[in-house]
Colleague: 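Shown below is the structure under consideration.
Every chain is numbered from 1, with letters handed out A, B, ... down the list of sequences.
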Amino acid sequence: MSSREDILQNIRRATYMKYEKPDLKPLEDVALSYPDRLEQFFLVMKQVGGEAVLLAKREDVNDFISRNYPEAMRVASNLEFVTCATCNPDRVEDPSELDGTDLAVIAGKIGVAENGAVWIEQDVKQRAIYFIAEKLIILLDRNHIVNNMHEAYKLIDTGKYGFGTFISGPSKTADIEQALVMGAHGSRSVVVALI
Amino acid sequence: MSTKHSKAAAEFLENKKQAAWHDETLWMVREKRDQLSKKVPEWEELRNMACATKLYSNSHLDELLVEFERNARANGAHVYWAKDADEYCNIVYNILNQHGVKHFIKSKSMLAEECELNPFLQNKGIEVVESDLGERILQLMHLKPSHIVLPAIHIKREQVGELFEKEMGTEKGNYDPTYLTHAARKNLRQRFIHAQAAMTGTNFAVASTGEVVVCTNEGNADMGTSQPKLQIAAFGIEKIVPDRESLGVFIRMLARSATGQPVTTYTSHYRKPREGGELHIIIVDNGRSNILANPKHIKALNCIRCGACMNTCPVYRRSGGYSYTYFIPGPIGINLGMLKAPLHYHDNVSACSLCYSCSLVCPVKVDLAEQIYLWRQDLDKLGKANCMKKVMSGGMKFMMNRPQVFNMALSWAPQVNKMPRFLIYNGLNGWGKGREMPNFADESFNEMWKKGKVK
């Protein structure tokens, strides 16, 4: 008999009490919500070591980048309107070529007010760009901020690439004596630019 | 008769400064957890739903695992089933071997620790690199984790500095955590890029989508799985959740309970293999299905490995992870060890003051302390009860059943207060070890009652 059948049979033999699936609706109805989700999002982004900024109406993303990241030499993005990009992660054959990227500009789908997480549905060939760049700008529609994860999970998808990730602030670790350090393996800085 | 735990704990406590730091630091993590959980008014309802969801999923494992398998295959993943540690290790090895992998990068996986995957692969000539900073430090020191979430909590910055000086050529005498972390970042970046395969554990496996979900703060799982095209993920059968709605409940609790963060930096959902790549998923039993048949201990399968029970445990904080004989320490480790092999791991059940704090902080309501209490009742049956305690409770029973003897003993008791110290504090008196005995009252309550002194 295969291990699969063995395991399943063992499980069936050992299970004699079946529990019902709980109804999550009452919990979701009372879950954390905020009168001003945008304000809360700004607050929580600071707590997780990142930053949220509101782009002025008609402010060009490229101007924002050149003003705030003057030292960024290698800027990666596959977004058409990021004309200052020097590299398109869609056209990179080997993801290791993205090592040394100073700044990546990517698109977020949903922001979560309770924890600063932004859902990134992979929309670029090399998903390495989400993690390997030294600094990250996530562009997010300011109207796409939900209260909590219950709301977020009803809206997300993993798309054609079959990958998605919530990113909440910069990469961090406290593995040496619980001292918090930003920039463990992923981006050292994360700015969510709300448009 | 001291347990292995209490002997090891005594050694741990010899370094008073380090022991105090360990205690205070973990308590700080516990306090952060408190702050975060109190900001969520529906916290207790979340715990109830998390517990109920786990009881549902663990009692429908056959259906949910098959649903997961079907969906994962439809997504293009390869799915394997491993009965035990040996089969799991061999599956990983065969995948790597078939692809000619010699350099392999891993993110933290307690399942890999449980099955001792690293030594297995290294014996077969495959280089395994741990990518979580804490795990990497321990790997280079040839040590095992002492905590499931904060694996190197027992290591000092000076030790890391000296290690990195040797391994990564960092400046001599520079023990700054930021400097050392960034040195490891640079060093491991090359390992990520040159690895031929990457492996992760799994925090949650979602049946309805066939995806595996991995939570990290460092981004090491994602750095690994976005470089080489060959990806392996493995999970124990109890990691299954029915759908994304249920997943939301657990994601809201995991990081808040573990480190006092609102969520981990990265919560990644791996559903399909990368373009031109492969995704291999291994479903592992290794004794878990046997726990299902044990109603008193079934909730141990609820565990999401957040480590909150360790951070709150007064015994864990003051004795360190290495004092326990099972590879997972603290309250959950005591229970999992007993479920694995009671005759082997019974030493740990004494490492508990029955304060029940673990049961109260557990986000998925594992009845940790209640279960430890139950294991203690079983010690005698296992032939592992403490002899001295048995003799003492036998004596107590004799006395309590005979009021005359009891009253006589009470009237003599104050004499003990006047006895020389060596007669009271010696090997025969377990209660006198490491603590001062209270004095017996000159007059018993009974006597006082009879004389009308009790109002």
Colleague: At a heavy-atom separation under 4.5 Å, does A/Gln9 approach chain B through its side chain, its backbone, both, or neither?
Modeller: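 The answer is neither part of A/Gln9.
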
Colleague: If I measure from the heavy atoms of chain A, does B/Glu63 come under 4.5 Å with its side chain, its backbone, both, or neither?
Modeller: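 The side chain, not the backbone.
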
Colleague: Under 4.0 Å between a side-chain nitrogen and a carboxylate oxygen: does that hold for B/Glu275 and A/Lys125?
Modeller: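 Salt bridge absent between B/Glu275 and A/Lys125.
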
Colleague: Of all heavy-atom pairs between A/Lys21 and B/Tyr56, which one has the smallest distance, and what is that distance?
Modeller: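 So the two residues come closest at N-CD1, 3.4 Å.
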
Colleague: Closest heavy-atom contact between B/Pro262 and A/Val44?
Modeller: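 Scanning both residues completely, I find the closest heavy atoms to be CG-CG2, 4.4 Å.
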
Colleague: Name the region of A/Pro170, side chain, backbone, both or neither, that has any atom closer than 4.5 Å to a heavy atom of chain B.
Modeller: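 Contact with chain B is through the backbone of A/Pro170 alone.
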
Colleague: Select one option (side chain, backbone, both, neither) describing which atoms of B/Leu46 are under 4.5 Å from chain A's heavy atoms.
Modeller: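 Both backbone and side chain.
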
Colleague: Measure B/Pro242 against the heavy atoms of chain A and call it side chain, backbone, both or neither at under 4.5 Å.
Modeller: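 It is the side chain, since no backbone atom gets that close.
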
Colleague: Give a yes-or-no answer on whether the side chains of A/Thr158 and B/Arg271 include a donor-acceptor pair shorter than 3.5 Å.
Modeller: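 Their side chains do contain a donor-acceptor pair, which is all the 3.5 Å distance test asks for.
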
Colleague: If I measure from the heavy atoms of chain B, does A/Val30 come under 4.5 Å with its side chain, its backbone, both, or neither?
Modeller: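 For A/Val30, backbone and side chain are both near chain B.
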
Colleague: Is chain B contacted by the side chain of A/Leu98, its backbone, both, or neither, given a heavy-atom distance below 4.5 Å?
Modeller: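 The answer is neither part of A/Leu98.
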
Colleague: Could you tell me if the ring centre of A/Tyr130 sits under 6.0 Å from that of B/Tyr266?
Modeller: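 No, ring centres 6.0 Å or more apart.
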
Colleague: What's the shortest heavy-atom distance between A/Ser96 and B/Ile193, and which atoms?
Modeller: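 So the minimum-distance heavy-atom pair works out to CB-CG2, 3.4 Å.
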
Colleague: Measure B/Ile137 against the heavy atoms of chain A and call it side chain, backbone, both or neither at under 4.5 Å.
Modeller: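 For B/Ile137, the contact with chain A is made by the side chain alone.
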
Colleague: Restricting to non-hydrogen atoms, name the atom on B/Thr225 and the atom on A/Arg127 that form the minimum distance, rounded to 0.1 Å.
Modeller: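 So the two residues come closest at O-NH2, 2.9 Å.
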
Colleague: Tell me, for B/Asp243 versus chain A, whether the close heavy atoms (under 4.5 Å) come from the side chain, the backbone, both or neither.
Modeller: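 Contact with chain A involves the side chain of B/Asp243 alone.
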
Colleague: In this structure, are over 12 heavy atoms from other groups packed under 6.0 Å from A/Glu5 atom CD?
Modeller: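 Check passes, neighbour count above 12.
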
Colleague: With a 4.5 angstrom heavy-atom cut-off, is it the side chain or the backbone of B/Arg256 that approaches chain A, or both, or neither?
Modeller: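 Interface part for B/Arg256: side chain.
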
Colleague: Can we call the ring centroids of B/Phe192 and A/His185 under 6.0 Å apart?
Modeller: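 For B/Phe192 and A/His185, the ring centres are under 6.0 Å apart.
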
Colleague: Please give me the minimum heavy-atom distance between B/Gln227 and A/Ala128, naming the atom from each residue.
Modeller: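 Taking B/Gln227 first and A/Ala128 second, the nearest heavy atoms are NE2-CB, 3.9 Å.
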
Colleague: Is it true that A/Phe163 and B/Tyr270 have ring centroids separated by less than 6.0 Å?
Modeller: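 Yes: the rings meet the under 6.0 Å criterion.
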
Colleague: Under 4.0 Å between a side-chain nitrogen and a carboxylate oxygen: does that hold for A/Glu134 and B/Arg185?
Modeller: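 Counted as a salt bridge, because a side-chain N and a carboxylate O are separated by less than 4.0 Å.
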
Colleague: Is B/Leu65 close to chain A through its backbone or its side chain, or both, or neither, when contacts mean heavy atoms under 4.5 Å?
Modeller: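 Side chain only.
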
Colleague: What part of B/Gln159 is in contact with chain A, defined as an atom under 4.5 angstrom from a non-hydrogen atom: side chain, backbone, both or neither?
Modeller: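 Contact with chain A involves no heavy atom of B/Gln159 at all.
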
Colleague: Between A/His150 and B/Arg252, is there a side-chain donor-acceptor contact under 3.5 Å, judged purely by atom types and distance?
Modeller: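 Per modelled atom types, B/Arg252 and A/His150 side chains form a pair under 3.5 Å.
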
Colleague: Identify which part of A/Glu20 has an atom lying under 4.5 Å from any heavy atom of chain B, answering side chain, backbone, both or neither.
Modeller: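 When you check distances to chain B, only backbone atoms of A/Glu20 fall under 4.5 Å.
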
Colleague: Quick check on B/Asn220 against chain A: is it the side chain, the backbone, both or neither that has a heavy atom closer than 4.5 Å?
Modeller: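 Both backbone and side chain.
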
Colleague: Non-hydrogen atoms of chain A under 4.5 Å away: do they reach the side chain of B/Val263, the backbone, both or neither?
Modeller: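 When you check distances to chain A, atoms from both the backbone and side chain of B/Val263 fall under 4.5 Å.
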
Colleague: What part of A/Asp29 gets closer than 4.5 Å to chain B, counting heavy atoms only: side chain, backbone, both or neither?
Modeller: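 The answer is neither part of A/Asp29.
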
Colleague: Non-hydrogen atoms of chain A under 4.5 Å away: do they reach the side chain of B/Ala82, the backbone, both or neither?
Modeller: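 The backbone, not the side chain.
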
Colleague: Is B/Glu69 paired with A/Arg4 through a side-chain N to carboxylate O contact shorter than 4.0 Å?
Modeller: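 Here A/Arg4 pairs with B/Glu69 in a salt bridge, since their nearest N and O are under 4.0 Å apart.
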
Colleague: Kindly give the heavy-atom pair with the smallest separation between B/Leu292 and A/Ile11, and that separation in Å.
Modeller: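 Closest approach of B/Leu292 to A/Ile11, heavy atoms only: CD1-CG2, 3.9 Å.
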
Colleague: Are side-chain N/O atoms of A/Lys172 and B/Thr265 paired as donor and acceptor at under 3.5 Å?
Modeller: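 The criterion, which ignores hydrogens and geometry beyond distance, is satisfied for B/Thr265 and A/Lys172.
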
Colleague: Against chain A, label B/Val214 side chain, backbone, both or neither, depending on which of its atoms sit under 4.5 Å from a heavy atom there.
Modeller: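 No part of it gets close to chain A.
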
Colleague: Are A/Gln178 and B/Thr25 close enough that a side-chain donor and a side-chain acceptor fall under 3.5 Å?
Modeller: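 There is no such pair between these side chains.
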
Colleague: Measuring centre to centre across the rings, with the benzene-like ring taken for any Trp, is A/Tyr153 within less than 6.0 Å of B/His269?
Modeller: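 Judged by ring-centre distance (under 6.0 Å), A/Tyr153 and B/His269 do meet the cut-off.
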
